[in-house]
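One structure is given below, encoded as structure tokens.
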Amino acid sequence: MRVGRVEVAAEGAGGSITAVGGETRWVDDLVGVMRELEGERPRWVWGDGREFYPGVLKADLRVSRCHDLFLTEGLLLAAEGRFGEPRSVGAAYARLHGLPVPGERAGPVAGDQGTLFETASEAPPVPAAEMVAEVHADQLRRIAAREDPARFGLLVAAESAGGLIAAEMSHDGMPWRRDAHDALLTELLGPRPAHGMRPARLQHLADEVSAAFGRQVNPDSPQQIVKAFKTAGVTVPSTRSHVLKQVEHPAVAPLLAYKELARLFSFHGWVWADQWVHGDRFRPEYVVGGVVSGRWATSGGGALQIPKIMRRVVVADEGWSLVVADAAQLEPRVLAAMAGDRGLAHAAGEIDLYSALAQSFGGARDDAKLAMLSAMYGGTSGDASKLLALMRERFPRAYGFVEAAAKAGEDGKLVRSWLGRTSPPPSDSWRELVSTPEGTRAARDRGRFTRNFVVQATAAEWALAMMAVLRTRLPAPAHLVFFQHDEIIVHCPAPLGPEVAAVVHDAAVEATHLLFGSTPVRIPMETAIVSCYADAK
DNA sequence: ATCTAACGCGCC
DNA sequence: AAAGGGCGCGTTAGAT
């Protein structure tokens with residue numbers, strides 16, 4: 001069903017609302033009016049979902065789809081080679097009208113007070129509805145002007161859906177059993193210590209380290225550790241755990257144990273839980289498109305770095321289940337589809353891509369995997385060069401695809417994902433460095449970045465498309481509670497588990513079709529219906 | 001007192 | 001000879 005776009009701008013409790021092409025109305029209860037209109041499933045157009053949508057959720061309304069001007073502006077600016085310019089509606093409007101751009105870091109202005117910056121700190125004094133309307137119209141024009149407007153439009157829709165999902169996941173929270181978390185910490189570290197103190201187990205390990213060195217050493221200080229080892233006659237280049245594992249010294253064992261537990265204590269300990277877990281729900285702050293490749297980042301809570309050992313405290317509510325699903329071997333499958341490499345696509349039609357690859361190689365699965373990863377990451381270590389030669393021979397189009405991306409990067413050019421997300425340009429200092437004799441290293445570094453960018457960014461947009469589809473098809477009250485690059489968790493009443501798993505499967509198929517049309521490549525999701533996250537795979 | 005860089009390691 | 005892409009974030013240690 002084709003339905004219209006409706007622009008909204010909140011101002012206090014009320015706001016303005018405009019069916020595109022029609023009159024702008026002021027309404028005192030914006031969310032109430034939106035609730036009535038949502039039945040027609042319009043695409044809501046708003047400035048910045050991070051500000052706008054949480055209030056809508058608090059009022060218990062969820063919308064089907066939106067066009068997020070802030071997120072879209074970021075995609076467009078990057079595609080236009082203007083990476084990093086301010087993305088707010090106010091900034092976009094100011095650019096349209098040649099006004100000072102809020103948030104812009106302009107060059108220093110001559111003055112007798114040293115460094116002054118010409119910055120418009122606030123949006124232009126124009127009604128929000130007017131800014132939304134003009135920026136929206138401008139964005140639609142710029143999307144239409146892209147090389148492939150249909151693909152870019154899909155990217156915009158997927159990114160905007162990501163904005164909805166991120167807000168909803170923060171709103172709903174991920175099940176997180178505070179009592180189980182506390183028990184786990186106590187088991188590993190000892191009881192919760194007083195503020196500013198080490199837990200008993202950590203203090204014990206720290207004392208062991210000092211005893212082994214025969215003097216007081218702070219195990220949190222790499223400098224002190226390196227010095228202490230030197231005094232003991234052992235020279236270490238760093239205190240990374242894989243380095244220390246090679247060292248024979250009585251301090252090593254307690255030190256490694258200390259480092260592991262200290263990280264748990266400070267990153268995901270009691271203080272962390274006090275801040276981020278409430279009512280047995282973990283509510284992190286996601287940053288949609290926070291990584292240049294389009295992956296999400298977090299601005300708090302470290303949701304994308306939760307140690308695996310913590311999975312045991314993620315437990316479904318009584319009578320509910322977690323449907324845990326991840327897209328296995330997503331990046332090589334995406335590469336196969338993008339590059340149109342028939343051989344690789346054939347292998348990517350199998351459940352275990354690397355095994356299929358190994359057959360084609362006539363080698364071991366591990367070799368095939370290393371070859372694939374080296375091609376995507378630009379690695380050349382160990383046996384990789386031999387394997388890469390084989391890769392080039394057997395899968396010339398896939399190999400050529402990532403090589404071309406690497407070459408473009410080395411030449412300082414931009415690269416784009418399948419749907420048109422664009423890499424940042426190299427910095428001025430990079431350009432200077434690359435033109436010098438010592439510049440080859442910098443060029444190769446950027447080549448590796450752009451080589452990986454095309455694959456990682458396309459994988460990220462596949463995941464966004466998959467979630468966007470999934471979100472609209474989930475049977476109520478099932479809802480997404482977690483997303484980590486290629487993995488999702490849905491929380492649902494237990495009887496709905498199998499249906500949700502089926503919907504996840506369908507969403508993956510649909511996303512593959514949306515991006516790549518007809519392709520032999522399959523991007524399957526492995527799903528598990530569990531009550532505890534730790535029980536998945 | 002506050003900011004920043006480096007380190008190191010958790011996740012994909 | 002070795003070598004890989006992307007992040008967040010707590011701690012230390014040095015700079016301001």
Side-chain angles (χ1 to χ4, degrees), chain A residues 196 198 202 206 217-227 236-245 255-272 275-276 284-311 314 326-332 334-335 369-385 387-388 402 405-406 409 415 417 421 423-424 440-441 444-460 462-463 482-488 533:
Chain A
R198 281 194 182 115
L202 274 186
V217 172
N218 179 358
D220 287 321
S221 168
Q223 281 184 21
Q224 288 187 31
I225 296 293
V226 170
K227 222 181 281 178
V236 288
S238 74
T239 64
R240 293 184 184 149
S241 55
H242 70 265
V243 170
L244 296 182
K245 275 178 191 143
L255 185 54
L256 289 174
Y258 177 90
K259 283 158 77 85
E260 192 178 336
L261 291 175
R263 193 186 155 84
L264 212 58
F265 171 62
S266 61
F267 269 65
H268 293 100
W270 291 277
V271 175
W272 172 88
Q275 185 175 1
W276 297 105
E285 290 162 15
Y286 295 99
V287 185
V288 176
V291 181
V292 292
S293 66
R295 279 185 173 183
W296 289 14
T298 52
S299 67
L304 305 181
Q305 292 101 236
I306 293 174
K308 288 187 172 175
I309 195 172
M310 291 279 169
R311 291 182 181 183
V314 179
D326 76 299
Q329 305 159 345
L330 174 57
E331 294 192 350
V334 155
L335 173 59
K369 183 174 178 177
L370 180 61
M372 193 73 235
L373 294 176
S374 297
M376 291 189 301
Y377 288 158
T380 51
S381 69
D383 308 326
S385 48
L387 294 166
L388 278 172
V402 288
V415 295
S417 70
R421 191 185 303 267
S423 69
T440 50
R441 169 66 195 261
R444 275 209 304 273
D445 283 350
R446 186 154 193 281
R448 274 195 299 279
F449 167 66
T450 51
R451 172 195 294 271
N452 184 249
F453 180 94
V454 293
V455 179
Q456 187 182 110
T458 303
W462 180 89
F482 188 59
F483 168 50
Q484 183 173 232
H485 310 312
D486 60 0
E487 178 179 14
I488 57 159
Y533 187 15

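Note on naming: letters A, B, ... go to the chains in the order of the sequence lines (proteins, then strands), and numbering restarts at 1 for each one.
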* To do: Nearest whole angstrom, please: distance from the P of dC9(B) to the NE2 of H242(A).
  => 8 Å
* Check every strand shown and say whether Q456(A) touches a base, only sugar-phosphate, or nothing at a heavy-atom separation below 4.0 Å. => base
* Between L244(A) (CG) and dC7(B) (P), how many Å, whole number? -> 15 Å
* Distance in angstrom units between M372(A) CE and dG4(C) C1', rounded -> 14 Å
* If each of V291(A) and A303(A) is mapped to the nucleotide of DNA chain C with the nearest heavy atom, which maps nearer the 5' terminus, i.e. the 5' end? -> V291(A)
* Asked: Heavy atoms under 4.0 Å, any strand shown: does R441(A) hit a base, just sugar-phosphate, or nothing?
  -> nothing
* **Between dC12(B) (C1') and F482(A) (CZ): distance, integer Å** => 10 Å
* Measure across E331(A) and N452(A) and return the closest heavy-atom pair with its distance rounded to 0.1 Å. => OE1-ND2, 4.3 Å
* Evaluate whether the aromatic ring of Y377(A) and the six-membered ring of the dG4(C) base sit under 5.5 Å apart, centre to centre, with an inclination under 30°. => no
* Tell me what G447(A) touches on the nucleic acid: a base, only sugar-phosphate, or nothing, going by heavy atoms under 4.0 Å. => nothing
* Send over the distance from E260(A) CD to dG10(B) C1', rounded to a whole Å. => 11 Å
* To do: Have a look at F449(A) and say if it touches a base, only the backbone sugar-phosphate, or nothing, with a 4.0 Å heavy-atom cut-off.
  => sugar-phosphate
* To do: Would you indicate, yes or no, if dC7(C) has its OP1 or OP2 atom less than 4.0 angstrom from a side-chain nitrogen or oxygen of S293(A)?
  => no
* Heavy-atom donor-acceptor pair, R240(A) side-chain to dC9(B) base, under 3.5 Å -> no
* Asked: Any side-chain N or O of N452(A) under 4.0 Å from OP1/OP2 of dG4(C)?
  -> no
* **Pair Q456(A)-F449(A), side chain to side chain contact (heavy atoms under 4.5 Å, CB included): steps then yes or no** => CA-CA 10 Å; Q456(A) 187 182 110; F449(A) 167 66; over 6 Å; no
* On a plain distance test, is the side chain of R263(A) in donor-acceptor contact with the base of dC9(B) below 3.5 Å? -> yes
* **Contact check, side chains of T239(A) and K259(A), non-hydrogen atoms, under 4.5 Å** => yes
* Pick base, sugar-phosphate or nothing for I306(A), based on heavy-atom distances below 4.0 Å to the nucleic acid. => sugar-phosphate
* Asked: Which nucleotide in the list dG6(C), dC12(B), dG4(C) gets nearest to the side chain of K308(A)?
  -> dC12(B)
* Asked: Looking for any heavy atom pair under 4.0 Å, which part of the strands does Q223(A) touch: base, sugar-phosphate only, or nothing?
  -> sugar-phosphate
* **H485(A) and S293(A): CA distance, side-chain angles, deciding distance, side chain to side chain contact (heavy atoms under 4.5 Å, CB included) verdict** => CA-CA 11 Å; H485(A) 310 312; S293(A) 66; over 6 Å; no
* Could you tell me the separation between the CE atom of M376(A) and the P atom of dA3(C), rounded to a whole number of Å? => 20 Å
* Whole-Å distance between dT12(C) C1' and K227(A) NZ? -> 12 Å
* Given atom CG of L264(A) and atom P of dC11(B), what is their separation to the nearest angstrom? -> 10 Å
* To do: Begin from the C-alpha positions of Y533(A) and F482(A) and carry the test side chain to side chain contact (heavy atoms under 4.5 Å, CB included) through to its verdict.
  => CA-CA 11 Å; Y533(A) 187 15; F482(A) 188 59; 3.8 Å; yes
* Asked: Side-chain N or O of R295(A) less than 4.0 angstrom from OP1 or OP2 on dG6(C)?
  -> no
* How far does the P atom of dG8(B) sit from the matching atom of dG4(C), given to the nearest Å? -> 15 Å
* Respond yes when some side-chain nitrogen or oxygen of K259(A) is under 4.0 Å from OP1 or OP2 of dC9(B), and no when none is. => yes
* Asked: Between S241(A) and dC9(B), does any side-chain N or O lie under 4.0 Å from OP1 or OP2?
  -> yes
* Should T239(A) be listed as having a side-chain N or O under 4.0 Å from OP1 or OP2 of dG8(B)? -> yes
* Would you say Y258(A) and D220(A) make side-chain contact, with heavy atoms under 4.5 Å? -> yes
* Does the side chain of P307(A) reach to within under 4.5 Å of the side chain of E260(A), using non-hydrogen atoms? -> no
* To do: Choose from dC9(C), dC12(B), dG6(C) the nucleotide whose nearest atom is closest to any side-chain atom of D486(A).
  => dC12(B)
* To do: Answer yes or no: does a side-chain N or O of Q224(A) lie under 4.0 Å from OP1 or OP2 of dA13(C)?
  => yes
